[in-house]
J.: 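The structure under discussion is supplied below as structure tokens; questions concerning it will follow.
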Amino acid sequence: MVNIRQPSTFLGTSERNMRLRRPPVASAPMRMSSLFLRTLRDDPADAEVESHRLLVRAGYIRRVSAGIYSWLPLGYRVLRKVEQIVREEMDAAGAQEVLLSIVQPLELWDRSGRDKAYGPVMFRLHDRKETGYCLSPTAEELVTSIVAQEYGSYRDLPVTLYQINWKYRDELRPRFGLLRGREFLMKDAYSFDVDLDAFRASYRQMYDAYQRVFERCALTFRAVEADSGEMGGSESREFMAVAAVGEDDFVWCPNCEYAANVEAARRGAGADPTAGAGEQPPTEEVHTPDVPGIAGVADLLKVEPNTLLKSIMFDVDGKLGLAIVPGDREVNELALAAALAPRPVRLYGDDDFTAHPELPKGYVGPHYSGASVVVADPMVRSGSAWVTGANRVDHHARNMVLGRDFAVDVWADIVSVVRGDPCPRCGEPLSIDRGIEVGHVFNLGTKFSEALDARYTDEKGEQHPMVMGCYGIGVSRVVAAVAEEYHDEHGLAWPAALAPYAVHLIAVPGRGEQAASVTAEAERVYEELRGRGIDVLFDDRDVSPGVKFADADLVGMPVQLVVGAKGVGRGVIERKVRATGARDELPLRDVSDPRVP
RNA sequence: CGGGGAGUGGCGCAGUGGUAGCGCACCAGCUUUGGGAGCUGGCGGUCGGGGGUUCAAAUCCCCCCUCCCCGACCA
């Protein structure tokens, strides 16, 4: 079993009591007159998404190079808040923190075969002896080699190690500021277990910890079933922050718990639209010049796209295969690959069509004689008289009947799921949303433990590879995802758990004879709040009130307190909750805790 | 990698052959002070780099670099 250690059981009773009795430590001072911050009035020209635009405008980050950013004081405080939440939850789940080198010898990557697999995505460098290294895009190899060195017995296991460290991927196209960078802060954890059952317990611990992390970060998120890609394994969940700018689509069921990345999603059986409605009229060939596309053919023949069959060509073991789906549907490449596994599948591209000029591209039908295998989605069963390509340029065939005019070798769910498709669990219509992938937990199996000799000896003296799990959180990406969710037209509006400062104190002394006393009151409130351990950002600058208010809205602390001539005369401080705009007043002489709950 | 676009002061931009300008920001002074103030005066740029054409190049030509967008690709 995985060892659970709650922080509270960790401390002795006397130590715990001491902590409880200790008075709050004064928060670090921060006056805006000395804060390293420059806000911009103009939007940066290269920012496409709100998180990028606002984090730059508000002086949280600055671009260094494509996909690489420096973190300025306010931004770094947010990053550290996320980091700390992750650290606390990882520790509570029994994981142990390490710090692995970012510079890793390529030899290590050679052993797992991922040197080639990663290819140009890895930043590569050489030392003076021409030994090859890379900047770590992830750390399975290194952590596995370390565990292999140190541990070798079933008595050692389980163990889960994690780090929060910079990762480097030379993305083809970095974009959206922090959302897809070439340098990003990632928490990566790796579990090592004796077998699959033990792994599942470790996995569950991490999964639960992830739920707590994203809840604490105030993100609206869903854990969705994911395809684990080359890694394999059934346990695989992506944590998606719901956001319109997300790069991944996922489906979810409003009625049950089902949720999955569109790539991994499958549809349930439903009342599918049919072609022909049971009739089986004789096949006829029709002339359809210059309309290789589904929409064009449907238009020309005055039929619905879903009465056509789409025949998608792909390569399997060097031979041609056909994937057959209704005309209004797309083929899910991963589902197709799964249907033919372990044979590798690749959809035909331009090069393939150039290499095979004999293919009547756009006019191929499911009865094409050159196909070595025909894979069809069960939706094809529901129709009886389809329109398909006639395997002759500029011709389509009407009334194509399954079993009579064409045959299917493999039946598999290969259509991409769309909104409204029946849920595979409960049959209710599915919804689709876009998300930012902020976390991923999955089973690594024994791929790395075998490649890097992470084995243990069991009770009987037999050796087995350790079963591994991998758990990632995009820490810097979480900052951007939260900024996407929490902002308005005036600027950022941080949730309390991540805000650089809890309170933004604004002095508005004016120029009247009360100015000195207003300033004095503001100073007093500042010191008092700091003394209580509350993080306060104090705008003591000698600038106009409008500048202060605009900057306060832009940088987005959860609560703004205004000490001004208006309020001081009446013995009050004005408070504004940034997120809601709600305003109220607090007694100037008793601002014990102005933070929002 | 394919297509498109752009590199001019910290940020946003104008400037199509005659020796570089505007707004914001920054500095100084005066005025102003409850939602990004006004006036005056300043600092700051080898116009991405190299080569070429020309009496003269930010501007025209060639090469290179960087960045942005679309696509392809993708843990």
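These numbers were taken from a predicted model, which means no experiment stands behind them. So you know, we letter chains A, B, ... as the sequences are listed, proteins then strands, and number each from 1.
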J.: Does the pair A/Phe123 and A/Tyr133 meet the rule for a ring-ring contact (aromatic ring centres under 6.0 Å, His included), with working shown?
T.: CA-CA 9 Å; A/Phe123 279 98; A/Tyr133 294 86; over 10 Å; no

J.: Give one of base, sugar-phosphate or nothing for A/Val562, where a contact means two heavy atoms less than 4.0 Å apart.
T.: base

J.: Ignoring hydrogens and geometry, is there a side-chain-to-backbone donor-acceptor pair from A/Lys566 to A/Glu574 under 3.5 Å?
T.: no

J.: For nucleotides 35-43 of chain B, tabulate all protein N/O to nucleotide N/O atom pairs closer than 3.5 Å, reporting atom names and distance.
T.:
from, atom 1, to, atom 2, distance (Å)
B/G35, O6, A/Arg583, NH1, 3.4
B/G35, O6, A/Arg583, NH2, 3.0
B/G35, N1, A/Asp553, OD2, 3.3
B/G35, N2, A/Phe549, O, 3.2
B/G35, N2, A/Asp553, OD2, 2.2
B/G36, O2', A/Arg41, NH1, 2.2
B/G36, O2', A/Arg41, NH2, 2.8
B/G36, O6, A/Arg57, NH2, 2.7
B/G36, N1, A/Asp551, OD1, 3.1
B/G36, N2, A/Asp551, OD1, 3.1
B/G36, N2, A/Asp551, OD2, 3.4

J.: Is the positively charged end of A/Arg77 above the ring of A/Tyr501, judged by distance under 6.0 angstrom from the centroid and angle within 45° of the axis?
T.: yes

J.: Can you tell me the distance, in whole Å, between the CG atom of A/Asp46 and the P atom of B/C13?
T.: 10 Å

J.: May I have the step-by-step check of ring-ring contact (aromatic ring centres under 6.0 Å, His included) for A/Tyr348 and A/Phe314, ending in yes or no?
T.: CA-CA 5 Å; A/Tyr348 267 25; A/Phe314 61 87; 8.0 Å; no

J.: Is there a Watson-Crick or G-U wobble partner for B/G12 with both distances under 3.5 Å, and which nucleotide is it?
T.: B/C22

J.: Picking from B/C13, B/G23, B/A75, which would you name as closest to the side chain of A/Asp42?
T.: B/G23

J.: So what does A/Gly564 hit on the nucleic acid, given a heavy-atom distance under 4.0 Å: a base, only sugar-phosphate, or nothing?
T.: base

J.: Send over the distance from A/Ile68 CD1 to B/U66 C1', rounded to a whole Å.
T.: 13 Å

J.: Please list all pairs passing the ring-ring contact (aromatic ring centres under 6.0 Å, His included) test where one or both residues lie in residues 30-52 of chain A, with sequence neighbours left out.
T.: A/His52-A/Tyr69

J.: Quick one: on RNA chain B, does A/Gly510 or A/Glu333 contact a more 5' nucleotide (nearest heavy atom)?
T.: A/Gly510

J.: Mind checking if A/Ala565 touches a base, just sugar-phosphate, or nothing, with heavy atoms under 4.0 Å?
T.: base

J.: Side chains of A/Val364 and A/Met313: closer than 4.5 Å at any heavy-atom pair?
T.: yes

J.: Relative to the 5' end of RNA chain B, which residue comes earlier, A/Asp43 or A/Asp542, by the nucleotide with the nearest heavy atom?
T.: A/Asp43

J.: Can you check whether A/Arg173 has a side-chain N or O nearer than 4.0 Å to OP1 or OP2 of B/C69?
T.: yes

J.: In the strands shown, is B/C67 matched to any nucleotide by a Watson-Crick or G-U wobble pair with both distances under 3.5 Å, and which?
T.: B/G5

J.: Give one of base, sugar-phosphate or nothing for A/Glu574, where a contact means two heavy atoms less than 4.0 Å apart.
T.: base

J.: To the side chain of A/Val508, which of B/C70, B/G34, B/C67 is closest?
T.: B/G34

J.: To the nearest Å, how far apart are A/Tyr118 OH and B/C73 C1'?
T.: 14 Å

J.: Identify the two heavy atoms, one from A/Glu140 and one from A/Cys470, that lie closest to each other, and give their separation to 0.1 Å.
T.: OE2-SG, 3.4 Å

J.: A/Arg62 near the nucleic acid: base, sugar-phosphate alone, or nothing, with a heavy-atom cut-off under 4.0 Å?
T.: nothing

J.: For A/Leu334 and B/C73, what is the distance between atoms CG and P respectively, to the nearest whole Å?
T.: 12 Å

J.: Using purine N1 to pyrimidine N3 plus N6-O4 or O6-N4 for Watson-Crick, or N1-O2 and O6-N3 for G-U wobble, both under 3.5 Å, which nucleotide pairs with B/U59?
T.: none

J.: Does the base of B/A25 carry an N or O that pairs as donor and acceptor with the side chain of A/Arg38 under 3.5 Å?
T.: no

